[in-house]
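In this chain, residues are counted from 1 in sequence order. Below, each value reflects all heavy atoms present in this structure, side chains not excepted, and no hydrogens, waters or symmetry copies.
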Amino acid sequence: MSFILKYLKGLRLWDIVIYLLTVLFLVCIIMMFSSRNKSLSTQLETANSNNAAYQMRLESQQAKIIQFELTVDYLRHCNDSVSVKLVEAIDRAEIAEKKLKQANYLKSQYKKTDTLFVWDTIFKEPNFSLDTTVGDKWVQTRLEMSYPNTIVVTPTVVSEKEVLVYNSREIIGEPSRWFFIRWFQKKHTVTRVEVNEENPHIVSQENVFIKTSND
């Protein structure tokens, strides 16, 4: 330390200023590269996570589901059918992108086959066979009938929904009738969930979402 002070005393004021500016510049460069390295590491980790999720999706490993980490802007420029549906749901709900926390897509199918055998012969023609499907893209029923007494019914129900999780700033207690007073009322952040079921035949009866905390 004494050596540095002795060295500085031997320099002119202008030299000291240049010396300090050089040190400050080097410190800024180091901090910038450190921040950049941290940002690239985060991006790489996110990319690896997304690649693993895409791979599992392609391999149809339904037992393992990994959450993607994507921006809404990325979804808007993606031609994936799921991304298109999520963006449409976000726009319909009129949720600001900065308030959106999660955008989830769930698709499931119910399918069950029941076979009925009647003791008596109900179809007289030995070559009788009927195979038809009625319904729409959401609910279908396949009916198979064959000689002499077999009836097979296979209903299929498809559920397709978007679940959006977002934050909303809401007034604590009863909002005032006067809008300028509402500006000064205390507010808190509420997490809300928007569930959009696309199957018009399905009526959502109860949805419960719980955010756990270990604090």
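- Between the side chains of Glu197 and Ser159, at least one donor-acceptor pair of N or O atoms lies under 3.5 Å.
- Taking a cutoff of 4.0 Å between a charged side-chain nitrogen and a carboxylate oxygen, Lys107 and Glu162 do not qualify as a salt bridge.
- A distance of 12.0 Å separates CD of Glu88 from CG of Leu75, quoted to the nearest 0.5 Å.
- At least one side-chain heavy atom of Ile90 sits less than 4.5 Å from a side-chain heavy atom of Leu100.
- In terms of modelled atom types and a separation under 3.5 Å, the side chain of Asn199 and the main chain of Val158 share a donor-acceptor contact.
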Verdict with reasoning, Leu86 to Val84, per side chain to side chain contact (heavy atoms under 4.5 Å, CB included) = CA-CA 5 Å; Leu86 288 174; Val84 173; over 6 Å; no

Take Thr189 and Asn167, measure what side-chain hydrogen bond (donor to acceptor under 3.5 Å, both in side chains) needs, and give me the verdict at the end.
-> CA-CA 6 Å; Thr189 301; Asn167 288 339; over 6 Å; no

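- Closest non-hydrogen pair, Val165 versus Asn104, comes out as CG2-ND2, 4.3 Å.
- If you take CD on Gln109 and OG1 on Thr156, they are separated by 5.5 Å, rounding to the nearest 0.5 Å.
- Using a 4.5 Å cut-off between side-chain heavy atoms of Ile, Leu, Val, Met, Phe, Trp and Tyr, with links allowed through other members, Leu130 and Leu116 fall into the same hydrophobic cluster.
- Taken from SG in Cys78 to CG in Asp73, the straight-line distance is 11.5 Å, to the nearest 0.5 Å.
- With values rounded to the nearest 0.5 angstrom, Tyr110 atom OH is found 12.0 Å from Ile202 atom CD1.
- Pairing each heavy atom of Lys124 with each of Tyr147, the nearest pair is O-CE1, 3.6 Å.
- No side-chain N or O of Ser168 forms a donor-acceptor pair with one of Arg192 less than 3.5 Å apart.
- Closest heavy-atom contact between Ala93 and Leu164: CB-CD1, 4.3 Å.
- Rounding to the nearest 0.5 angstrom, the gap separating the OH atom in Tyr166 from the CD atom in Glu94 is 10.5 Å.
- Counting heavy atoms of neighbouring residues, nucleotides and ligands inside a 6.0 Å radius, atom CD of Glu125 does not exceed 12 of them.
- Cluster membership check: Val153 shares its hydrophobic cluster with Met145, using side-chain heavy-atom separations under 4.5 Å among Ile, Leu, Val, Met, Phe, Trp and Tyr.
- Centroid-to-centroid, the aromatic rings of Phe123 and Phe128 come within less than 6.0 Å.
- Val134 places none of its side-chain heavy atoms less than 4.5 Å from the side chain of Leu143.
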Take Val163 and Leu106 through the side chain to side chain contact (heavy atoms under 4.5 Å, CB included) test and state the conclusion after the steps.
-> CA-CA 8 Å; Val163 181; Leu106 298 91; 3.6 Å; yes

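- Electrostatic pairing of Arg142 and Glu144 counts as a salt bridge here, judged by a charged N lying under 4.0 Å from a carboxylate O.
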Check against side chain to side chain contact (heavy atoms under 4.5 Å, CB included), Thr191 and Lys101 = CA-CA 9 Å; Thr191 300; Lys101 309 303 293 182; 5.6 Å; no

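- A salt bridge links Arg76 with Asp91: the distance from a Lys NZ or Arg NE/NH1/NH2 to an Asp or Glu carboxylate oxygen falls below 4.0 Å.
- Annotation: side chain of Val208 is in contact with side chain of Ile210 (closest heavy-atom distance under 4.5 Å).
- A salt bridge does not link Glu194 to Arg92: none of the charged side-chain nitrogens sits closer than 4.0 Å to a carboxylate oxygen.
- The closest side-chain donor-acceptor pair between Tyr105 and Glu160 falls under 3.5 angstrom.
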Do Asp120 and Asn149 pass the side chain to side chain contact (heavy atoms under 4.5 Å, CB included) test, and can you show the C-alpha distance, the side-chain angles, and the key distance before you say yes or no?
-> CA-CA 7 Å; Asp120 297 329; Asn149 56 0; over 6 Å; no

